[in-house]
Amino acid sequence: MAHSDTNTSPAASGHTELKREVGVIGLLWASVGAIIGSGWLFGAQKAAVAAGPAALLSWGIGAVAIILLALIHAELGGLFPVAGGTARYPHYAFGGFAGMSFGWFTWLQAATIAPIEVQAMINYAQHWSWADGLLNKNLTLTGAGFVVAAVLLGVFVAINFLGVRLLAHTNSAATVWKVAVPVLAIFALGITEFHGSNFSVHGFAPDGAKGVLAAISTSGVIFALLGFEQAIQWAGESRNPRRDIPRAVLGSVVIGTIVYVMLQVVFIGALPPETFADGWGSLTYPGISGPFAGLATLIGLGWLATVLFIDAIISPAGTGLVYITSSSRVTYGLSRNGYAPQALQYTDRNSVPWLGLVIAWVAGVLCFLPFPSWQRLVGFITSAVVLMYAGAPLAFGVLRKRLPALERSYHLAGGTVISPLAFAVASLIIYWSGWDTLWRLGLAIVIGYVLLGGYSAYAASKGVPNAPRMDFKAGQWLPVYLVGMGIISWQGTFGEGSQGNLPLWWDIGVVVVFALVVYYWALAVALPAVEIERNIRGVEVVEAGGH
């Protein structure tokens, strides 16, 4: 199939190619830098409030879930080293409708994580007097806070215009700091004050299994561990993607998991017992809006608090920069696949897809309106991100079944078992986000269908060369999955507005069975091998240099 995204557009239109100049360290630090952002500044405190010491189980479950998904992405990332890869895998396996849908899910999470990082910076900035008036008492943005947030997001966008090579070097340096500071906090808090009795004084799991499971999605556990896919989003600019992407993806998950579990241990252990005398749900102390810095001050580590307040600028800023970059690369990928106007492929003299950056800023600013606090944004983004991730196990299963002979630089052992398991786990995390989050996500999905579906229909009617075929037959399972997950969530027990008709454990069984039915249904109706190969040739040959 001839594809119009080759570099044949008139010079006046602008460049449409990315430069391959990022090595394995740059890719690894892109993912690690995304994982260690505002999540470490807030995740341990939010998880402790939700689940008490059993938050450690939340991190363990979350880590297993992310590792399963990362293993799937490692094989796919080495197989298809293209910009915005997570938005494209379902396109290859299921065609236009599913590809458009998961492309929108991918863009949605990439464009909305940067605002979370800005919100985190403003939360910690309350330590300084100049930040007075930026937040209300409930930690939502004031009018002045909204303006400051929009300006900070604009700074992220401006830095991205300097080019991905400089950004990768800058991010690598920032990530060394971002890893070093939480490691320093682990040792300093653990050595200075550690109360082993904190893990049992109110019971190890005061809110039982529901608290453990809710903490995974709504308290920042999964959100904190997200980010390994950034190496995949940058694949179009990797020097040796088939070798480096699997290493970067798996390496970043291992580093992030170790750091976050240890942070949770020392946070719970270092708390003075009087701070949660009335139970973990009532945890409070001076400066809790900046949990680790406030705790450091409380136990006499003023120097560490100073370091943490500085890090509260650097860590979220570094993560925000990475996600703004990824957002523009996902819009680039959506355009390559014909779901969005070709103008989104145009790059400036630094090979930066500039229009995608502008769109990312506008979308980010809009996020501050309906979700003006860190906690409220996290639940929404967690479900959006995991919904994006859910497309990878499906594509993985189809490609293993339809094209088993494809050369894979990383071959996942046991992939045919891990793949459906990963899809079921992703579905559970989406469910645990709660009904009050999922109905908002559903609204955002409808908006995406209006925008991308409207353009695709227009492109098809005008005979645009790379207008995608919708392939509704191959994607017939997707509306059922989305609506079904919404109904299950509504009838479940997680989130405000849920009906409570599916009690705990029964609801988990329903989600798992439903997910597995959808998984094998999707494999059965996926595109035949010849059409998958045609979809791959339409993009891969151009962007991977024929690899």
Side-chain angles (χ1 to χ4, degrees), residues 22-44 59 62-63 65-67 69-71 73-74 77-78 85-86 109-110 113-114 116-117 120 156 159-160 164-187 220-235 237-241 243-264 292 308 310-327 329 381 385 389 410:
V22 181
V24 64
I25 298 301
L27 294 173
L28 175 65
W29 281 156
S31 289
V32 172
I35 291 173
I36 303 179
S38 64
W40 96 263
L41 296 170
F42 296 94
W59 288 103
I66 292 299
I67 288 171
L69 292 166
L71 288 169
H73 281 77
T86 54
Q109 66 87 26
I113 283 184
I116 295 181
E117 305 306 318
F156 292 171
I159 294 174
N160 264 273
V164 71
R165 185 175 184 179
L166 178 60
L167 183 66
H169 288 310
T170 302
N171 183 68
S172 293
T175 301
V176 171
W177 165 277
K178 290 169 66 175
V179 173
V181 171
V183 170
L184 175 64
I186 290 168
F187 281 101
V221 170
I222 286 293
F223 171 78
L225 292 168
L226 299 174
F228 66 81
E229 82 285 352
Q230 294 312 304
I232 295 171
Q233 311 296 37
W234 289 27
E237 291 146 291
S238 169
R239 284 198 297 266
N240 194 340
R243 181 196 67 188
D244 294 345
I245 290 173
R247 296 180 182 182
V249 167
L250 298 177
S252 66
V253 173
V254 171
I255 293 172
T257 298
I258 292 172
V259 169
Y260 278 117
V261 170
M262 293 306 300
L263 283 168
Q264 187 70 67
F292 274 99
L308 294 178
I310 295 172
D311 182 66
I313 302 298
I314 296 176
S315 285
T319 301
L321 281 170
V322 168
Y323 274 98
I324 287 288
T325 304
S326 293
S327 175
R329 272 54 179 182
I381 299 307
V385 172
Y389 285 161
Y410 170 76

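Since we're looking at a predicted model, the values are computed, not measured.
Interatomic distance, CD1 of I186 versus CD of Q264, reported as 11.0 Å (0.5 Å rounding). Rounding to the nearest 0.5 Å gives a distance of 8.5 Å between CD1 of I36 and CG of L263. Interatomic distance, OG of S31 versus NE2 of H73, reported as 11.0 Å (0.5 Å rounding). Put simply, OG on S252 and CD1 on I35 are 4.0 Å apart, with the number rounded to the nearest 0.5 Å.
When all heavy atoms of F42 and A120 are compared, the pair lying nearest together is CE1-CB, 3.6 Å. Of all heavy-atom pairs spanning L225 and G62, the tightest one is CD1-C, 3.7 Å. Of all heavy-atom pairs spanning A63 and T257, the tightest one is CB-CG2, 3.6 Å. The two residues Y389 and L69 come nearest to each other via the heavy atoms CD1-CD1, 3.8 Å.
Partners of I310 according to the side-chain contact (heavy atoms from CB on, under 4.5 Å) rule, which considers only residues two or more places apart in sequence or in another chain, are W177, T306, I314. Shown here are the side-chain contact (heavy atoms from CB on, under 4.5 Å) partners of I324, two or more places apart in sequence or in another chain: A114, L153, F156, V157, N160, L357, A360. I67 meets the side-chain contact (heavy atoms from CB on, under 4.5 Å) test with L71, V253; sequence neighbours excluded. Residues forming a side-chain contact (heavy atoms from CB on, under 4.5 Å) with V183 (at least two apart in sequence, or on another chain): V179, F187.
You'll find the side chain of V221 stays beyond 4.5 Å of the side chain of Y260, heavy atoms only. Between W40 and D311, the closest side-chain pair of non-hydrogen atoms falls below 4.5 Å.
Judged by distance alone, the side chain of E117 and the main-chain N or O of A317 form no donor-acceptor pair under 3.5 Å.
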